[in-house]
2 protein chains.
Amino acid sequence: MRRLGEIALIAEYLAPLAAAEGSFGLKDDAALLTGLPSSGLVVTADAIVAGVHFFEDDDPADVAYKALAVNVSDLAAKAAKPLGYLMTLAPSEAPTEDWARRLSSGLARAQAAFGISLFGGDTVTARGAWWMSITAFGEAPERGLVPRPGAKAGDFLYVSGTLGDAALGLKLRLRTLEADLADEEAQFLRRRYLYPEPRLALRAVLSAHASAAMDISDGLALDLSRMCAASGVSAEVSVPQVPLSQAAKRALTSKPEEIQTILSGGDDYEILAAVPAAKALVFEKMSVEAGVLVTRIGTVVGGSEPPEFLDRNGDPFAVASGFEHFKV
Amino acid sequence: MRRLGEIALIAEYLAPLAAAEGSFGLKDDAALLTGLPSSGLVVTADAIVAGVHFFEDDDPADVAYKALAVNVSDLAAKAAKPLGYLMTLAPSEAPTEDWARRLSSGLARAQAAFGISLFGGDTVTARGAWWMSITAFGEAPERGLVPRPGAKAGDFLYVSGTLGDAALGLKLRLRTLEADLADEEAQFLRRRYLYPEPRLALRAVLSAHASAAMDISDGLALDLSRMCAASGVSAEVSVPQVPLSQAAKRALTSKPEEIQTILSGGDDYEILAAVPAAKALVFEKMSVEAGVLVTRIGTVVGGSEPPEFLDRNGDPFAVASGFEHFKV
């Protein structure tokens, strides 16, 4: 099978993804962004590493899709409109044509789904597992960024979609979840791990009504504690209110302890938002109109303690902390 | 020795580098760039990998400095003014405090030298050698970008500084260069490998007078062939005109075959520019005023053949091609 050099990889498989004028067909060292929004540019970076964020033998189309999706998820949480991205791609050996075609097709699919295009980047050789690092930029909303640190005591806490599916899907792939699941339920969970859905449809709602927002990538427990710490507040979350898919509910029926996975497993890429109580109704209504399920899971409260999780009786419920790279 | 978790690394060693308002002290997933230049934003990405771009046991201060310098060099080649950067940092294990302090100090030094600051990024665990990927952005010059593909037949070809020092310095470190050098000459070459000098002082000159420009990162031979291919032209280079440092000249005295290293070794991060003949004098004068040595090395000619290198008699001089990642 033909293996590609760096120049062929860029010319044949990456340049077709770079349609925007300022990307110069990837023939230059740098790209030019013009017609910049007066509201500002939101920029974010997220990398994924084989063996850490995905499996070595995963289809590069899926890996590439997810790499772009997790970056766009950060833009969505800031209510920013995706514009473009730069990608540093590091295969651990000269890629085959098949690998390059799959990678390129996954990126093309994600680009079409999220309305974003490739502007430039770099290709290097990884020493060890292959990885890619993406920097994405988007148009800031007219009324300013939805900050992470804006949560205030009294705000309602909302999450989009359902939580824990991806973390359960990962455990299925790792064969560390032995719940009693139908085939299509297992498939659903695995798919939720591979294909995050950046909640771009919530941009207008978040921009208009959220006092703070972020995407949940490292588990609700850790990410909520980050939002609270950044905002100088605490929170109470009602565990029974956390929205679950049918598949996740089914997994809990046979393995109730998996609620820990759901609350702290990560890879959700759903939105966590704090919304002033007075705006809660309109926030819910606009979200429904945008076609995205949002669910109130708790309340922001004063104080500097870590967020508290409560069971159905209102008693404290101990939750493991979320994912941290190179934790010590 | 204390090892740092991800949260401590960011809060204690990276957040102090993020002074700009829109970086939110690295407490958010995304940064906000406001007051964007009407001329546009130049964006570029370059990654470096231990064992590929630097040695595993290099001081992280030097590695970090170089990582930022090579990105700023791309901005300089486009005549763009550095504004900010995002960094994805991938240590292969939980870093020690000493490692983090060195890394941070190298970045701080580069930030001060180049007038750029940290806006955000990501931290992940590398599986294998450690690496970092940087995306830098700068203000485009008012009169538009200096393109790589703009070289025209008849243009003079210039390079800044001296070529080959870094490639010779690398060979010294690899102990594959056995030239007869004084200690300070060897030290000079090694230092040129570690500390590229982005030619920001040439921004105004390039913007005003160059028809094409790029920085030389993969060797003059390969990078000139890229400029020519992008521009649909060819070129003639007079090898004796290529500017050399005293140390490089000395190396050539005992090892004349090292001219190949000089012409195709890479890591120069000097500027290669095509300048219309009619503007050559003012280009040279302005460069001198900017304090940067520029030297005419040849001429752009019509045709689609690879650039030709000529010896002092005007006869063809065979040059090895430059560095390509995962070449096949």
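Naming: A, B, ... by sequence-line order, numbering from 1 per chain. The structure presented is a predicted model; accordingly, all values stated were derived computationally and were not measured.
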Margin query: How long is the straight-line distance from OG1 of Thr135(A) back to CZ of Phe119(B), given to the nearest 0.5 Å?
Written below: 13.5 Å

Checklist line | Region of Ala136(A) that comes under 4.5 Å of a non-hydrogen atom in chain B | finding: neither

Next item on the list: Count the heavy-atom pairs under 4.5 Å between each of Ala230(A), Ala47(A), Ala126(A), Gly144(A) and chain B, then report the option with the highest count.
Entry: Ala47(A)

Check: Is any side-chain heavy atom of Arg127(B) less than 4.5 Å from a side-chain heavy atom of Arg127(A)?
Finding: no

Next item on the list: Could you tell me which residues in residues 70-87 of chain A have at least one non-hydrogen atom under 4.5 Å from a non-hydrogen atom of chain B, sorted by residue number?
Entry: Asp74(A), Lys78(A), Leu86(A)

Notebook entry, point to check: Counting only N and O atoms by type, is there a donor-acceptor contact under 3.5 Å from the side chain of Ser133(A) to the main-chain atoms of Thr88(B)?
Noted result: no

Notebook entry, point to check: Looking at Ala50(B), Gly35(B), Pro149(B), Ser38(B), which one has more heavy-atom pairs under 4.5 Å with chain A than the rest?
Noted result: Ala50(B)

Next item on the list: Would you mind checking which part of Glu139(B) comes under 4.5 Å of any heavy atom in chain A, side chain (CB onward), backbone (N, CA, C, O), both or neither?
Entry: neither

Next item on the list: Sort out for me which of Gly128(A), Pro37(A), Ala31(A), Ala30(A) touches chain B most, counting heavy-atom pairs under 4.5 Å.
Entry: Ala31(A)

Checklist line | Glu12(B) atom CD, neighbour heavy-atom count above 12 within 6.0 Å | finding: yes

Notebook entry, point to check: Taking the side chain as C-beta and beyond, is there a heavy-atom pair between Leu33(B) and Phe137(A) under 4.5 Å?
Noted result: no

Note to self: Quick check for you: to the nearest 0.5 Å, what is the distance between Asp28(A) atom CG and Thr44(B) atom OG1?
What the structure shows: 9.0 Å

Next item on the list: Answer with side chain, backbone, both or neither: which region of Val49(A) has an atom nearer than 4.5 Å to a non-hydrogen atom of chain B?
Entry: side chain

Note to self: Rounded to the nearest 0.5 Å, what separates atom CG in Asp122(B) from atom CD1 in Ile134(A)?
What the structure shows: 11.0 Å

Notebook entry, point to check: Under a 4.5 Å heavy-atom cut-off, does chain B meet the side chain of Ser92(A), its backbone, both or neither?
Noted result: neither

Notebook entry, point to check: Among Asp46(A), Asp215(A), Thr34(A), Leu145(A), who wins on heavy-atom pairs under 4.5 Å with chain B?
Noted result: Asp46(A)

Notebook entry, point to check: Is any side-chain heavy atom of Ile48(B) less than 4.5 Å from a side-chain heavy atom of Val124(A)?
Noted result: no

Item checked: Side-chain touch Leu41(B)/Leu32(A), heavy atoms, less than 4.5 angstrom -> no

